[in-house]
Protein chains: 2
Amino acid sequence: MGTTLSERKKQILRTVVVSYIKTAEPVGSRTVVRSQRMGLSSATIRNEMADLEDMGYLVQPHTSAGRIPSQLGYRYYVDNLMALDDMSGDIEREISITMSREKMREIEQIIVHSARVLSSATNQTSLIMGPQFKKSAFRQMRILPLEEKRSLVVLITDTGFIKNKVIDLQQQLSPSELQQVVSYLNQKLYGLTIDQVTTSLINELKRDLFRRLEILEQAFILLEESLKEEKQIRVFLGGTTNILNQPEFKDVDKIRRMLNLFEQEPLLFKILEDSSSEDNIVVRIGTENECEDIRECTLVTGTYKIHDKTIGTVGVLGPTRMDYGRVINVMRRLVDHLNESLSS
Amino acid sequence: MGTTLSERKKQILRTVVVSYIKTAEPVGSRTVVRSQRMGLSSATIRNEMADLEDMGYLVQPHTSAGRIPSQLGYRYYVDNLMALDDMSGDIEREISITMSREKMREIEQIIVHSARVLSSATNQTSLIMGPQFKKSAFRQMRILPLEEKRSLVVLITDTGFIKNKVIDLQQQLSPSELQQVVSYLNQKLYGLTIDQVTTSLINELKRDLFRRLEILEQAFILLEESLKEEKQIRVFLGGTTNILNQPEFKDVDKIRRMLNLFEQEPLLFKILEDSSSEDNIVVRIGTENECEDIRECTLVTGTYKIHDKTIGTVGVLGPTRMDYGRVINVMRRLVDHLNESLSS
DNA sequence: CTTTAGCACTCTGAACTTTAGAGTGCTAAA
DNA sequence: TTTAGCACTCTAAAGTTCAGAGTGCTAAAG
């Protein structure tokens with residue numbers, strides 16, 4: 001459908017989009033003429049622009065203003081016109097410098113730092129979903145008795161996660177009893193993803209074990225709880241104030257709604273999860289987003305991995321008028337670096 | 001000095017403060033007359049108000065506007081006039097309901113939740129400093145070998161904190177070697193606050209131990225690192241968007257500066273630490289605050305404890321025009337509940 | 001058939017003006 | 001000491017003006 005655009009129209013559409021992204025001002029025919037070598041008059045451009053408007057790629061805020069890209073216009077730009085001239089040198093350097101400045105050991109630190117880098121390199125708000133524990137596979141479980149009735153449970157996954165939780169036991173278990181339970185569980189659960197460790201599976205194991213050892217109730221509660229807790233995953237934000245620099249957010253009310261959104265972690269999680277796709281950078285423009293609240297924004301998402309296992313999503317959120325080329329480039333680099341940092 | 005205010009002036013000052021807190025509009029003499037039983041005319045009130053202005057308790061935004069309280073005025077109000085009529089019933093119920101809705105096990109959860117409650121009950125932004133690990137006393141240390149060269153170090157404090165960290169050892173240590181180190185450390189460190197475990201102390205121990213056991217370098221690095229990491233303590237925010245509801249923040253630029261501040265955790269930490277005082281609720285109005293960025297705000301702080309040990313600070317930040325009575329009441333209740341939740 | 005010059009027309013946003021209302025300070029009388 | 005009364009001040013909102021940017025259309029030129 002849209003592909004039927006003449007070369008000239010494409011050219012013009014690109015110019016309008018690029019200019020509007022840069023200046024946030026509606027683009028008039030004169031402006032297009034100026035930033036174009038092909039020697040056409042403004043009148044001709046005007047006609048073409050009127051056509052592009054009819055086709056839905058451009059809109060006029062009001063008669064006698066320049067044109068701005070419609071959502072469709074952005075879409076076409078992203079799909080067909082955008083130059084992903086990887087000026088990698090620039091960005092690459094910028095990111096790799098800040099990313100590797102200090103070797104960061106803790107996963108959380110790496111993520112927080114990535115969010116910062118991402119937001120400052122794009123001048124937008126960045127969202128990074130913390131590693132999704134539940135997608136990892138169970139490797140082993142350990143129990144470290146602390147005091148009489150308290151123990152530390154340690155879960156280790158194939159992605160190198162080490163999750164631990166202190167639990168209170170109703171009854172005291174002897175070390176050998178504990179050992180039995182633990183080795184039984186290790187055997188049964190090995191290799192399952194945390195997602196697969198459902199309540200029903202746990203119940204099944206419980207029945208099985210009960211016959212042999214009676215005291216285990218608590219041990220199971222423990223396991224269940226330490227898993228349940230991971231259901232809500234943290235989302236890390238960077239550069240939330242960047243939206244204040246965007247002229248589309250000069251209205252206090254919009255700001256309020258946006259910041260409000262940022263405070264609702266579960267929602268952010270859903271937004272990220274909905275739009276991400278493994279191995280691809282996804283661009284969702286305006287109403288392409290499920291979530292009502294970001295229908296005037298664009299969300300660009302990518303995914304990151306630990307040991308080749310996709311484990312989380314990173315996103316950049318900003319007005320539809322966003323420097324798509326830059327954002328996509330930056331995100332590519334960042335995800336690469338992130339994968340690298342996390343897998344070591 | 002200020003105490004020389006006549007009863008009538010106090011009355012008037014109170015009325016002005018209360019009214020301005022409620023409406024955010026400068027208060028004129030007519031308004032004062034209306035909300036006052038004593039049968040005085042507006043002219044009299046005007047004279048009194050002019051006096052109060054001379055004394056520095058009130059200011060006029062411009063001639064021919066009503067008066068608004070100066071910083072000094074607020075100060076006087078808080079110190080002498082404020083009615084702390086604990087309408088505890090109301091607040092108490094509101095807080096205790098939301099605080100105890102579900103028994104929350106993890107400390108972090110409790111804190112995050114408290115921040116929410118605090119902000120929504122006051123309609124301001126709340127800041128809660130995460131528990132200051134370093135003020136706790138060392139109880140014991142454990143090491144759980146995971147794989148060949150990885151171990152999990154567990155630190156337990158007298159306040160019931162359990163802090164753990166995975167570390168990579170350069171060389172493999174035999175269980176008995178580890179055991180020796182650990183028990184030596186436990187003996188030496190028992191009862192010291194984490195603050196007291198300084199680098200120099202560590203070095204001293206290191207020298208001492210070296211004679212007996214050579215491989216310990218890593219074990220110490222480990223200890224040092226797990227402590228160092230705790231130096232930056234998290235600050236949890238609640239209701240950051242609430243400042244947007246305050247008319248004093250209708251200017252986008254102010255909002256920007258404020259939100260910017262919120263993104264700088266170390267600064268927030270400093271702000272909280274500077275102004276808090278053990279066992280007392282502290283009110284810092286305007287320029288009474290050290291920090292430049294909140295010179296137009298009031299910060300109310302309190303502290304919370306675990307097992308009778310002061311371990312962190314909670315704060316409410318808002319414009320100087322803030323409902324001091326309510327905020328202070330709410331904070332009292334909240335701190336009580338927090339103490340209770342954390343000490344169980 | 002396409003392009004272009006020219007022109008009348010539209011719309012906005014910034015700058016200025018106007019005006020009602022709220023509030024003051026002062027004076028003189030109670 | 002208090003108060004009524006009045007002239008004066010200042011603001012914030014509503015209205016007015018005006019230049020500038022941009023358009024669409026028409027008619028001529030390529």
Legend entry - Salt-bridge present (A:R295, A:E288; N to O < 4.0 Å): no
Inset, instruction - Check the side chains of B:N245 and A:R256 for a donor-acceptor pair under 3.5 angstrom, ignoring hydrogens and angles. - result: yes
Inset, instruction - Mark yes or no for whether A:S119, through its side chain, and A:R116, through its backbone, hold a donor-acceptor pair below 3.5 Å. - result: yes
Legend entry - Residues from residues 11-19 of chain A lying under 4.0 Å of DNA chain D - heavy atoms: none
Inset, instruction - Indicate whether OP1 or OP2 belonging to D:dT2 is found under 4.0 Å from a side-chain N or O atom of B:T44. - result: no
Inset, instruction - Report the residues that fulfil ring-ring contact (aromatic ring centres under 6.0 Å, His included) with B:Y324, sequence neighbours left out, ordered by chain and then residue number. - result: B:Y74
Inset, instruction - Assess whether side-chain hydrogen bond (donor to acceptor under 3.5 Å, both in side chains) is satisfied between B:T287 and B:Q71, documenting all intermediate values. - result: CA-CA 8 Å; B:T287 60; B:Q71 178 174 321; 2.9 Å; yes
Inset, instruction - For A:S29, check side chain to side chain donor-acceptor pair (under 3.5 Å) against everything at least two apart and list the hits. - result: A:R46
Legend entry - Atom pair CD/CE of B:Q60 and B:M49 - distance to nearest 0.5 Å: 8.0 Å
Inset, instruction - Would you check if there is a donor-acceptor pair between the side chains of A:E273 and A:T313 at a distance under 3.5 Å? - result: no
Inset, instruction - Look at the side chain of B:S276 and the backbone N and O of B:T301, then say whether any donor-acceptor pair between them is shorter than 3.5 Å. - result: no
Legend entry - Contacts of B:D293 that satisfy salt bridge (charged side-chain N to carboxylate O under 4.0 Å, His left out) - sequence neighbours left out: none
Legend entry - Per-nucleotide protein contact string for nucleotides 12-30 of chain C, where B marks a base within reach and S marks sugar-phosphate only (heavy atoms under 4.0 Å, - for neither): S---------BBBB-----
Legend entry - Watson-Crick or G-U stems of DNA chain C, 3 or more pairs, under 3.5 Å, by first number: C:1-30 with D:1-30
